[in-house]
Undergrad: 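Could you have a look at this structure, given as structure tokens, before my questions?
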Number of protein chains: 2
Amino acid sequence: MKPSKTQAQLSDEARKRPTINDIARLAGVSKKTVSRVINASPYVREDTRERIEAVIAEMGYAPDPQARGLAFRRSFLIGVVHDNPNPQYVVTMQQGLLDGMRGSGFELVVHPCDRQNPSFLEDLRGFVERQKLFGVVLTPSVSEDERAAQLLREIGCEYVRVASVSLDDANHMIETRDRVGGREAGRHIAELGHTQVAFISGPPMFRSSHERRGGFEEGLAEKGLALEAQFAMEGAYTFESGIAAARDLLSRPNRPTAIFAANDEMAAGVLHAARDLGLRVPEDVTVVGYDDFDLATRLWPALTTVRTPTREIGRLAVERLMGRDDERRNPKDRLPTLVVRKSSGPPPKA
Amino acid sequence: MKPSKTQAQLSDEARKRPTINDIARLAGVSKKTVSRVINASPYVREDTRERIEAVIAEMGYAPDPQARGLAFRRSFLIGVVHDNPNPQYVVTMQQGLLDGMRGSGFELVVHPCDRQNPSFLEDLRGFVERQKLFGVVLTPSVSEDERAAQLLREIGCEYVRVASVSLDDANHMIETRDRVGGREAGRHIAELGHTQVAFISGPPMFRSSHERRGGFEEGLAEKGLALEAQFAMEGAYTFESGIAAARDLLSRPNRPTAIFAANDEMAAGVLHAARDLGLRVPEDVTVVGYDDFDLATRLWPALTTVRTPTREIGRLAVERLMGRDDERRNPKDRLPTLVVRKSSGPPPKA
DNA sequence: CTGAAAGCGCTTACAG
DNA sequence: CTGAAAGCGCTTACAG
């Protein structure tokens with residue numbers, strides 16, 4: 001060891017980030033012992049732990065996640081894989097995930113995907129293996145893809161699936177219980193006195209489409225109502241599909257007096273179609289949506305809708321992934337709830 | 001080297017990811033030469049390069065970014081730092097960034113922040129240094145924070161700032177030219193024949209607030225119009241602030257016949273306020289927004305607004321960061337453009 | 001409870 | 001044009 005080099009190292013210490021070696025030397029222990037402190041090993045004597053922690057604090061030392069990851073054969077990156085086209089959903093989910101990760105030292109890597117793409121699974125595998133992801137959160141509809149879950153299991157990557165209903169064992173699932181939300185919508189419409197009731201679904205590929213419909217029918221059934229086949233339309237969770245379905249529904253001589261659209265985007269389409277046909281909401285037709293993103297209050301009239309606590313769901317999902325989820329938390333916090341605004345009312349007297 | 005170990009290594013090769021050592025052995029070269037191929041060094045004989053590339057392809061080898069990063073003292077992660085509350089903006093920007101990163105081997109790490117928070121700079125520093133980020137994209141309004149840019153320069157982190165106007169040297173900037181967009185709005189309103197014209201700004205902290213207003217005034221001036229002080233309101237880029245400003249403006253005996261709101265969220269608020277006051281849009285009052293996110297077409301009437309090519313801007317920003325931006329690209333592609341829909345029309349005849 | 005050696009998968013600096 | 005040695009900053013396995 002040339003003196004010049006030692007000299008350089010010393011002068012570097014002031015500006016460069018300290019390493020585990022610096023801490024070990026300053027605390028008068030081996031780097032392995034510092035490593036034990038970093039990793040909260042119980043095999044460190046109390047006073048040496050305190051001494052090391054003091055040096056760590058004083059030097060502002062933070063272990064290098066890259067080096068740690070290389071040795072651990074795993075990174076400190078959590079991926080979120082989504083194919084949901086709704087920006088509000090995506091951002092709200094990200095916020096929730098970041099809430100849960102705050103202060104954990106993990107970082108969030110975003111990875112949109114396309115299940116239709118032939119290379120979808122290959123891409124997912126590449127992403128996970130290349131980055132040696134600590135784990136992955138899957139949101140609908142990728143979360144409903146069994147091949148994706150199967151792949152992650154095979155390559156030994158931790159994952160949590162966010163979906164409307166349980167599709168996996170409990171520690172791999174966060175359920176959004178969309179059936180409950182659909183039921184709320186059904187009850188609300190039935191209680192208002194509607195009998196001519198219509199439903200616009202999402203695409204069949206989304207599990208939520210079926211859950212929201214199933215719940216809706218249950219809610220109606222509680223009041224002795226049923227969803228007639230002629231009033232069950234297939235939409236695509238898009239604004240345009242909401243317009244198209246509502247235009248069809250509302251131009252019929254025997255038109256429904258209430259429409260439950262399986263998301264807010266389609267409900268916005270229903271509002272447009274109604275207005276184009278000269279129908280007033282809610283006087284002539286009641287409109288109920290699902291999601292309660294910002295859009296719901298921007299529309300006119302403000303939309304009655306079902307609120308899913310997406311941000312909370314996101315937080316729970318990462319906490320589960322990191323093995324820090326608090327089981328004491330009240331699971332009621334995650335249930336969808338009805339938010340009544342101005343787009344729903346009693347059926348026309350006519 | 002015990003035979004059993006060699007045995008294990010061989011059997012592992014089938015399932016485990018190959019390393020640079022495997023490729024070197026199979027190609028009959030040293031790992032350093034493989035490294036040269038990975039890093040596109042010119043100092044490799046053509047035939048040995050081809051041989052190595054063949055082995056890489058055959059084995060499906062991809063270098064470990066963690067190990068590479070550790071040796072490089074730099075990761076293959078690009079961070080996006082934002083404090084924009086609009087989910088549409090955030091997601092659209094992310095899409096653009098991901099567009100530019102596709103196939104590059106980089107991954108996108110999201111990092112929302114709060115400039116008001118006293119630990120903002122410290123947090124940013126921690127994020128960048130801990131992850132040894134390859135670089136960072138800053139969006140408004142963090143992109144306008146000189147302290148943040150200064151910090152990144154100090155710690156030697158590459159960055160690109162997306163902002164309405166140039167605030168740094170050209171290779172650190174992508175300009176959105178909001179002044180041009182404001183001008184379009186001003187021209188449009190003036191050409192429709194309005195003379196009683198109002199403006200609702202964003203918060204003064206956002207540079208775009210001033211640019212959009214400045215451009216608007218320029219557009220009006222071209223037709224000999226001016227923005228009266230009484231008609232210049234301060235908003236906060238929020239729906240609620242749009243409602244409040246418009247309610248004030250539209251309840252005056254001498255109310256404006258056209259309102260340019262500096263973003264779509266506020267324009268949505270103007271629509272609500274107008275309706276609450278029994279005013280029709282555009283018959284009684286013209287409303288023009290800025291952004292052209294999905295919301296603009298969901299509103300009723302569909303909003304006339306200024307479109308910023310945010311996704312394109314995002315792509316350009318990462319390409320610049322990665323040093324891959326194509327200078328031949330037409331800079332016109334990034335200019336804001338007016339999108340005329342249903343919320344603007346001539347002033348009332350009265 | 002603590003440490004010296006070897007290793008994670010790559011690159012840099014130095015030779016040749 | 002190519003390679004053997006040392007190193008990036010940490011952990012695992014093995015000793016003691």
Undergrad: What contact category does B:Tyr43 fall into here, base, sugar-phosphate, or nothing, at under 4.0 angstrom with non-hydrogen atoms?
TA: base
Undergrad: Provide, to the nearest angstrom, the distance between the CZ atom belonging to B:Arg36 and the P atom belonging to C:dG9.
TA: 21 Å
Undergrad: Should the side chain of B:Arg73 and the base of D:dG7 be counted as holding a donor-acceptor pair, with the cut-off at 3.5 Å?
TA: no
Undergrad: Compare the minimum distances between each of C:dC10, D:dG9, D:dT2 and the side chain of B:Tyr61, then state the nucleotide with the smallest one.
TA: C:dC10
Undergrad: Would you say A:Thr48 places a side-chain N or O within less than 4.0 Å of OP1 or OP2 belonging to C:dT2?
TA: yes
Undergrad: Paired with D:dA13 by Watson-Crick or G-U wobble geometry, both distances under 3.5 Å: which nucleotide is it?
TA: none
Undergrad: Figure out the CD/P separation between B:Gln66 and D:dG7, and round it to whole Å.
TA: 22 Å
Undergrad: Are A:Glu312 and A:Asp99 side-chain neighbours, meaning at least one heavy-atom pair lies under 4.5 Å?
TA: no
Undergrad: To the side chain of B:Ala71, which of D:dT12, D:dT11, C:dT11 is closest?
TA: C:dT11
Undergrad: Would a 4.5 Å heavy-atom cut-off, applied to side chains only, mark A:Leu138 and A:Leu152 as touching?
TA: yes
Undergrad: Return whichever of A:Val34 or B:Ala67 has its heavy-atom-nearest nucleotide of DNA chain D closer to the 5' end.
TA: B:Ala67
Undergrad: So, is the end of the B:Arg115 side chain (NZ or CZ) under 6.0 Å from the ring centre of B:Phe120 and within 45° of the ring's axis?
TA: no
Undergrad: Return the nearest nucleotide to the side chain of A:Val29; candidates are C:dG3, D:dT2, C:dG9.
TA: C:dG3
Undergrad: Ignoring the backbone of B:Arg45, work out which of C:dT12, D:dT2, C:dT11 is nearest its side chain.
TA: D:dT2
Undergrad: Ignoring the backbone of A:Ser30, work out which of C:dG9, C:dA4, C:dC10 is nearest its side chain.
TA: C:dA4
Undergrad: Could you measure the distance from the CG atom of B:Asp83 to the CG atom of B:Asn117? Nearest 0.5 Å is fine.
TA: 12.0 Å
Undergrad: Quick check: on DNA chain D, is the nucleotide nearest A:Arg68 upstream (toward 5') of the one nearest B:Asp47, or the reverse? Name the residue that is more 5'.
TA: B:Asp47
Undergrad: Please tell me which of the listed nucleotides, C:dT2, C:dT11, D:dC10, lies nearest to the side chain of A:Lys31?
TA: D:dC10
Undergrad: If we call it a pair only when both distances are under 3.5 Å in a Watson-Crick or G-U wobble match, what pairs with D:dA4?
TA: none
Undergrad: Between D:dT12, C:dT11, C:dT12, which nucleotide has the shortest distance from any of its atoms to the side chain of B:Lys32?
TA: C:dT12
Undergrad: D:dC8 P sits how many Å from A:Asn21 CG, rounded?
TA: 8 Å
Undergrad: Locate the shortest heavy-atom distance separating A:Ala317 from A:Val162; write the atom from each residue and the value.
TA: CB-CG2, 4.0 Å
